Amino acid sequence: MKTLLVIPSKGQTQYLPELVAHIEKLAVKPTDIWIYLDRPTGRERVETMRYLKDHPSITLKVNTGMPEYVGHPQMNAGEEYFLAGHVRNIAIEYAYVNEYDSVIFIDGDCMPEPDLISGHNELLDADTPRITIGKRKEIKWGLDDQRVASPSSLIRIFGPNGGKRITSEFYFVDSGVVWTCNFGINRKGIERLYEMNTQLYGRREVFSSEFSGTWGGEDGFLGLECLYGNIGVYSLKDGTNGIIHKEHERPVRKYDHITFIDYMEFRREELLARMNSFGMEVPPFVPRLELIQQFSRMRAP
């Protein structure tokens, strides 16, 4: 498969040597590899250029601008906009125009395991629209994924469920499925999301610009679009196809969990209403808390 591996990076150049070392150990190499700096400082840009001179298989890309539309501006004055979705959209458009079969994303603070590319492409090699989700392994969870290792987690999408299509609405509503630190999409998936977002929002994109600006949510919303739009979402089979996430604090001035959940819920209700207005077959809107209660009752002994 013709595959593009894209690594958006914002203020993460300290991880570059370790990241490149892990890339070189990939058992199956992607066709092309991009490290995509988002509005870097001059120092970040120069340091990355110097380092990658000795690694010609990796291409440096730089985003210096803003998207045409920003749907969710920063809540705190003076904070930089979060534009990871915008950067991913640029890469996806390039891949689509240049006829790549799949695009795989990790983040600049994520170290890929050897079978990352083969793990995604095994499931993305299909004639149907698909996205794929792999593990984010962290030291605090015993080098496993929070969704597996946390005693309080109800989202069991890996282990014996790996390699299967995820269909539980509750999993998606709780933003527990699509994490773009380890994410893949095939060409059919890109086409379907282009069609949906053009029809529903008037913008030909994969990651919704409604989430540009404030940190987070663009990946969870993409999962909802896939769930309701009949795009298959698959978790990777267990193995060495995860990423190892470097430990760091979340930016407190960029991230507010309650606001994040409320905004996601607002956009989910709007999405279902828009899809219904265009005659698409979708379930009725059930508030998040009701879905949690329903799911808990189903799991009760």
Side-chain angles (χ1 to χ4, degrees), residues 3 5-30 33 35-36 51 55 58 84 88 102-124 131-166 168 171-172 174-185 215-216 219-220 222-223 233-252 254-255 257 260 299:
T3 301
L5 172 63
V6 184
I7 309 168
S9 178
K10 178 69 174 170
Q12 297 167 323
T13 53
Q14 68 269 33
Y15 303 123
L16 190 58
E18 187 177 358
L19 174 62
V20 171
H22 277 78
I23 289 172
E24 291 178 342
K25 294 177 182 176
L26 289 170
V28 173
K29 299 292 195 298
I33 305 168
I35 289 180
Y36 214 135
Y51 190 82
H55 303 279
I58 302 173
R88 295 187 199 109
S102 62
V103 187
I104 296 169
F105 290 96
I106 63 175
D107 290 342
D109 59 357
C110 298
M111 308 302 132
E113 292 187 314
D115 296 317
L116 177 84
I117 304 301
S118 57
H120 281 282
N121 279 345
E122 178 184 357
L123 296 171
L124 292 173
I131 68 172
T132 44
I133 308 302
K135 281 186 175 182
R136 180 175 74 186
K137 299 180 180 180
E138 299 179 272
I139 291 175
K140 63 185 176 184
W141 299 114
L143 275 183
D144 208 340
D145 190 285
Q146 176 182 343
R147 293 162 287 187
V148 174
S150 172
S152 62
S153 176
L154 297 175
I155 300 172
R156 306 298 186 190
I157 59 176
F158 297 110
N161 295 317
K164 298 177 183 177
R165 185 169 180 174
I166 306 164
S168 170
Y171 287 173
F172 289 89
D174 213 39
S175 200
V177 177
V178 180
W179 294 358
T180 39
C181 55
N182 191 353
F183 165 85
I185 185 169
W215 191 93
D219 46 6
L222 175 63
V233 181
Y234 290 78
S235 59
L236 299 192
K237 299 174 183 176
D238 268 355
T240 53
N241 49 38
I243 56 90
I244 300 170
H245 182 245
K246 306 300 289 186
E247 192 70 26
H248 62 80
E249 294 295 324
R250 278 181 165 171
V252 293
K254 291 178 181 287
Y255 182 74
H257 184 70
F260 166 83
R299 289 176 59 89

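Given the structure is predicted, the values throughout are model-derived calculations rather than measurements. Basis for what follows: all heavy atoms, side chains included, without hydrogens, waters or symmetry-related copies. Here, residue 1 is the first one in the sequence, and each next residue gets the next number.
Going from atom CD of Glu24 over to atom NE2 of His22 covers 11.5 Å, rounded to the nearest 0.5 Å. Here the CD-NZ distance, from Glu138 to Lys246, works out to 11.5 Å after rounding to the nearest 0.5 Å. Expressed to the nearest 0.5 Å, how far OG of Ser9 lies from CG of Leu16 amounts to 7.5 Å. Distance CD1/Ile131 to CG/Leu222: 5.0 Å, rounded to 0.5 Å. Rounded to the nearest 0.5 angstrom, Leu123 CG and Arg165 CZ are separated by 12.5 Å. Distance check, rounded to the nearest 0.5 Å: CD1 of Ile155 to OG of Ser235 gives 12.5 Å.
Here the shortest heavy-atom pairing between Glu247 and Tyr15 reads O-OH, 4.4 Å. Here the shortest heavy-atom pairing between Pro30 and Ile117 reads CD-CG1, 3.9 Å. In plain terms, the two heavy atoms of Asn241 and Asp115 that are nearest each other are CB-O, 3.2 Å. Smallest separation of non-hydrogen atoms from Ile106 and Pro112: CD1-CD, 3.9 Å. Shown here for Val28 and Ser118, the closest heavy-atom pair between the two residues is CG2-CB, 4.0 Å. Across all their heavy atoms, Gly159 and Asp238 have their closest contact at CA-OD2, 3.4 Å.
For Asn161 (side chain) and Arg156 (main-chain N/O), a donor-acceptor pair under 3.5 Å exists by modelled atom type. Judged by distance alone, the side chain of Ser102 and the main-chain N or O of Leu124 form no donor-acceptor pair under 3.5 Å.
Looking at heavy atoms from C-beta onward, Ile23 lies in side-chain contact with Ile7 at the 4.5 angstrom threshold. Side-chain contact check for Arg88 versus Pro8: some heavy-atom pair is nearer than 4.5 Å. Under the 4.5 Å side-chain criterion, counting only non-hydrogen atoms from C-beta, Ile133 is in contact with Arg147. Between Ile166 and Phe172, the closest side-chain pair of non-hydrogen atoms falls below 4.5 Å. Side chains of Asp219 and Phe105 form no contact here, defined as non-hydrogen atoms less than 4.5 Å apart. Inter-residue side-chain proximity for Leu5 and Leu116 is flagged as met; some heavy-atom pair is nearer than 4.5 Å. Contact check for Asn121 versus Ile104: side-chain heavy atoms found under the 4.5 Å cut-off. Two residues are said to be in side-chain contact when any heavy atoms from C-beta on lie closer than 4.5 Å; Leu236 and Lys135 fail this criterion.
The number of heavy-atom neighbours closer than 6.0 Å to CG of Leu143, taken from other residues, nucleotides and ligands shown, is above 12. Heavy-atom neighbours of Lys25 NZ from other residues, nucleotides or ligands within 6.0 Å: at or below the threshold of 12.
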side-chain contact (heavy atoms from CB on, under 4.5 Å) between His245 and Trp179, intermediate numbers included:
CA-CA 12 Å; His245 182 245; Trp179 294 358; over 6 Å; no
Start with the C-alpha gap between His120 and Asn182, add the side-chain angles, then the distance that decides, and say whether side-chain contact (heavy atoms from CB on, under 4.5 Å) holds.
CA-CA 9 Å; His120 281 282; Asn182 191 353; 2.6 Å; yes
Could you walk me through whether Tyr51 and Ile35 pass side-chain contact (heavy atoms from CB on, under 4.5 Å), step by step?
CA-CA 12 Å; Tyr51 190 82; Ile35 289 180; over 6 Å; no
Determine whether Glu113 and Lys137 satisfy the following criterion, side-chain contact (heavy atoms from CB on, under 4.5 Å), listing intermediate values before the conclusion.
CA-CA 10 Å; Glu113 292 187 314; Lys137 299 180 180 180; 2.9 Å; yes
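Using a 4.0 Å cut-off between a side-chain N of Lys or Arg and a carboxylate O of Asp or Glu, Lys10 and Asp107 do not qualify as a salt bridge.
Taking the ring pair (Phe, Tyr, Trp, His ring centres under 6.0 Å) definition, one finds that Phe183 meets it with Phe207, sequence neighbours left out.
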